[in-house]
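Input: a single structure, listed below in structure tokens.
The figures that follow rest on heavy atoms only: side chains count, while hydrogens, waters and symmetry mates do not.
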Amino acid sequence: MTLDTDIIFTTEQQKTTGNVLPLLHEIRHALDTLVDEKIPTIIDLRRIPLSADDEEKLEAFLGTGEVRAEISALGPTVLQETQYSGVWIETHYNEHDEVMGKFITIATVPHILLAQGSDIEAGLTRLTHNLNTPLPSTGSSPDDPVEQR
Amino acid sequence: MSSSISLGERLSQQGVSRRTFVKFCATTASLLALPQTAVPQMVAALSAARRPSVIWLPFQECTGCTEAILRSHAPTLESLIFDSISLDYQHTIMAAAGDQAERSRHDAMRDNKGQYLLLVDGSVPLGNKGYSTISGQSNVDMLIESAKDAAAIVAIGTCASFGGIPKANPNPTGAVPVSSIITDKPIINVSGCPPLPIAITAVLVHYLTFNRLPALDELKRPLAFFGSTIHDRCYRRPFFEQRKFAKSFDDEGAKKGWCLFELGCKGPETYNACATVKWNQGTSFPIESGHPCLGCSEPDFWDHGSFYQSLFPWERYKAKPGAGKGGPNH
Ligand code: SF4
Ligand code: SF4
């Protein structure tokens with residue numbers, strides 16, 4: 001069980017909470033807003049009681065789209081585009097593979113996938129520094145010819 | 001002491017990328033029941049925050065709360081955040097001792113007057129001041145002295161929140177919670193024996209982001225973690241509704257995973273997030289291991305009869321529309 005699926009009803013007797021259909025309508029409405037007003041929406045699945053069965057149904061309905069991206073940031077984050085372009089399932093795990101958060105993101109690109117300004121600046125500083133520093137082990141530069149063995 | 005370097009700068013020095021930080025804020029906002037639209041504000045405020053000075057007073061306690069927090073899974077971003085506060089005093093874990101340690105506390109109080117956070121675990125004995133002292137100073141005197149210029153107080157665990165086990169009948173030391181002594185400061189009770197470590201981190205993050213405590217229930221507990229009962233979120237709940245109860249720890253019902261109500265489960269009256277956040281790296285919570293909830297995050301949980309005596313009548317705890325929201329008496 002994970003943080004987001006350990007919601008109340010998970011046995012034979014009560015397989016569904018009845019929340020899948022309203023949630024799908026909410027996603028449709030958010031996609032409409034993205035198309036008309038270019039405003040993204042994030043739906044936090046922790047706030048909506050869903051059984052394990054409900055989640056399966058939801059994911060089956062949304063299907064799998066063209067893009068799957070994985071970020072490695074203190075545990076993996078998986079972004080799976082659904083068959084409805086602009087609708088993403090965003091799942092954050094920690095280093096122990098526990099689900100720390102699960103969202104339906106309705107956006108052109110989920111924000112977390114974008115390179116972040118301060119990371120770009122830090123990257124530029126590092127790149128500049130590395131280009132001006134000989135490789136520590138050999139004292140060579142990346143452009144030195146590689147000798148045949 | 002609060003530092004001139006911001007939390008964002010400190011995390012980036014530790015090699016934590018902004019993207020990782022965004023992820024942490026998104027998942028913490030979700031835990032705190034904040035809308036995801038609050039995440040950019042959280043990222044900006046938290047990364048600009050200066051390390052707050054924190055004074056942590058361990059009083060009449062078993063060190064279980066300290067263990068739970070400091071030994072929580074390593075190295076998560078929550079632990080990095082925790083490392084990023086300036087813990088100016090915690091006599092259980094600090095290298096300094098005696099007068100030197102007390103000097104650190106006084107220095108931190110003077111340098112961060114009105115701005116430091118006071119964390120307290122353990123109850124305060126009033127029966128005889130000598131029952132629990134630190135460097136010769138009684139717990140009650142140290143609490144009053146340290147609370148005077150604190151911005152807010154976080155009572156960690158059931159002992160600091162409600163008196164806990166030291167206060168259990170016949171309360172030989174005259175133990176009281178922090179809120180019985182300090183009445184003029186914002187106090188938040190993160191109860192539990194021990195409390196969930198993520199609840200403490202989330203409270204600190206909320207405070208650093210918004211400069212105030214999160215929404216509380218009537219017992220001053222953060223609603224995001226104490227807004228529903230164990231029973232509300234228990235995966236055995238369908239068996240409860242069908243009156244399928246284990247009658248002993250090894251009968252057929254126990255083997256089939258039926259409800260533990262008749263074995264004394266206090267889940268229906270216990271507000272805490274164990275059923276969703278879980279323990280031991282998210283492995284499970286006690287009911288998943290076949291043991292009833294003891295109700296450890298509630299006041300006087302030790303004095304509510306046997307842990308194995310059931311809460312009757314069953315009908316009282318049946319699902320009602322809208323049940324389980326908004327605090328203990330709702
Ligand atoms: S009584 Fe206890 S075991 Fe039964 S459903 Fe409630 S919390 Fe779960
Ligand atoms: S399951 Fe109940 S007794 Fe156990 S830690 Fe959680 S609130 Fe306390």
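- Shown here is A/Glu70, whose CD atom has more than 12 heavy atoms of other residues, nucleotides or ligands within 6.0 Å.
- Judged by distance alone, with hydrogens and angles left aside, the side-chain atoms of A/Asp119 form a donor-acceptor pair with the main-chain N or O of B/Arg18 at under 3.5 Å.
- Judged by distance alone, with hydrogens and angles left aside, the side-chain atoms of B/Arg19 form a donor-acceptor pair with the main-chain N or O of A/Leu113 at under 3.5 Å.
- Judged by distance alone, the side chain of B/Lys23 and the main-chain N or O of A/Ile112 form no donor-acceptor pair under 3.5 Å.
- Contacts of B/Ala33 with chain A are made by both backbone and side-chain atoms, with heavy-atom separations under 4.5 Å.
- Residue contact with chain B, scored on non-hydrogen atoms closer than 4.5 Å, involves the side chain of A/Ser118 exclusively.
- At a 4.5 Å heavy-atom cutoff, the contact between A/Ile71 and chain B is made by side-chain atoms alone.
- Scanning both residues, A/Phe103 and B/Ser30, for their nearest heavy atoms gives CZ-CB, 4.0 Å.
- If you take CZ on A/Arg46 and CG on B/Leu31, they are separated by 4.5 Å, rounding to the nearest 0.5 Å.
- Here B/Phe24 contributes atom CZ and A/Met100 contributes atom CE; the two are 8.5 Å apart, rounded to the nearest 0.5 Å.
- Taking a 6.0 Å sphere around OH of A/Tyr84, one finds it holds more than 12 heavy atoms contributed by other residues, nucleotides or ligands.
- A 6.0 Å sphere centred on CZ of B/Arg243 holds more than 12 heavy atoms belonging to other residues, nucleotides or ligands.
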